[in-house]
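First the structure, in the form of structure tokens, and then the observations on it.
What you see is a predicted model; the values in this text were computed from it and never measured.
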Amino acid sequence: MRGVVGSWLVLAVGAGEPVCGCVAWRQTAGCDPAGRREPHGDKACDAVVSPGASGYCDCSDGSRARKVTCDHRPFSCRAECARTQEYTCVMWRQTGACSPDGPREAQN
């Protein structure tokens, strides 16, 4: 039996490269990040989102970061949105010789 060995090609965002920006914290109802929106509870990107609030960070690339229930540690959406693009998976590359640095197996 042959094992599958490979490596993920990952792009790291380095210093000076653009990262995902923040739009706002979006408050939701029922301690459910997928709950009904509560716009009156929305917060600015640098505001601290304290425990007891559910919702998500609305990021400038259209993604939603830090989808949380009411039980979480304090955070800010500016930091959470920036974190979403620390690593971006580009593709899986299967390699041979039972090594992630082995020769590329083009058929996989």
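Of all heavy-atom pairs between V48 and P74, the closest is CG1-CB, 3.8 Å. Shortest non-hydrogen contact noted between G21 and C81 is O-CB, 3.6 Å. In terms of heavy atoms, C57 sits closest to R66 at SG-CB, 4.2 Å.
Applying the 6.0 Å contact sphere to CZ of R78 captures more than 12 heavy atoms from other residues, nucleotides or ligands.
Under the 4.5 angstrom side-chain criterion for Ile, Leu, Val, Met, Phe, Trp and Tyr, Y56 has no cluster partners at all.
Between the side chain of H72 and the main chain of A53, a donor-acceptor pair closer than 3.5 Å is present.
Scanning for side chain to side chain contact (heavy atoms under 4.5 Å, CB included) contacts around A44 gives an empty result, with sequence neighbours left out. Listed by chain and number, the residues in a side chain to side chain contact (heavy atoms under 4.5 Å, CB included) with R36 are A29, E38 (sequence neighbours excluded). Residues passing the side chain to side chain contact (heavy atoms under 4.5 Å, CB included) test with T69, sequence neighbours excluded: P33, D71. Every residue meeting the side-chain hydrogen bond (donor to acceptor under 3.5 Å, both in side chains) condition with S63, not counting sequence neighbours, appears here in chain and number order: D61. Every residue was checked against the side-chain hydrogen bond (donor to acceptor under 3.5 Å, both in side chains) condition with S76, not counting sequence neighbours, and none meets it. When the side chain to side chain contact (heavy atoms under 4.5 Å, CB included) test is applied to C31, the partners found at least two apart in sequence or on another chain are C70. R37 pairs by the salt bridge (charged side-chain N to carboxylate O under 4.0 Å, His left out) definition with D42, not counting sequence neighbours.
Sorted by first then second residue, the ring-ring contact (aromatic ring centres under 6.0 Å, His included) pairs that include residues 25-52, not counting sequence neighbours, are W25-F75.
Between C59 and C77, the gamma sulfurs sit at a distance of 2.5 angstrom or greater.
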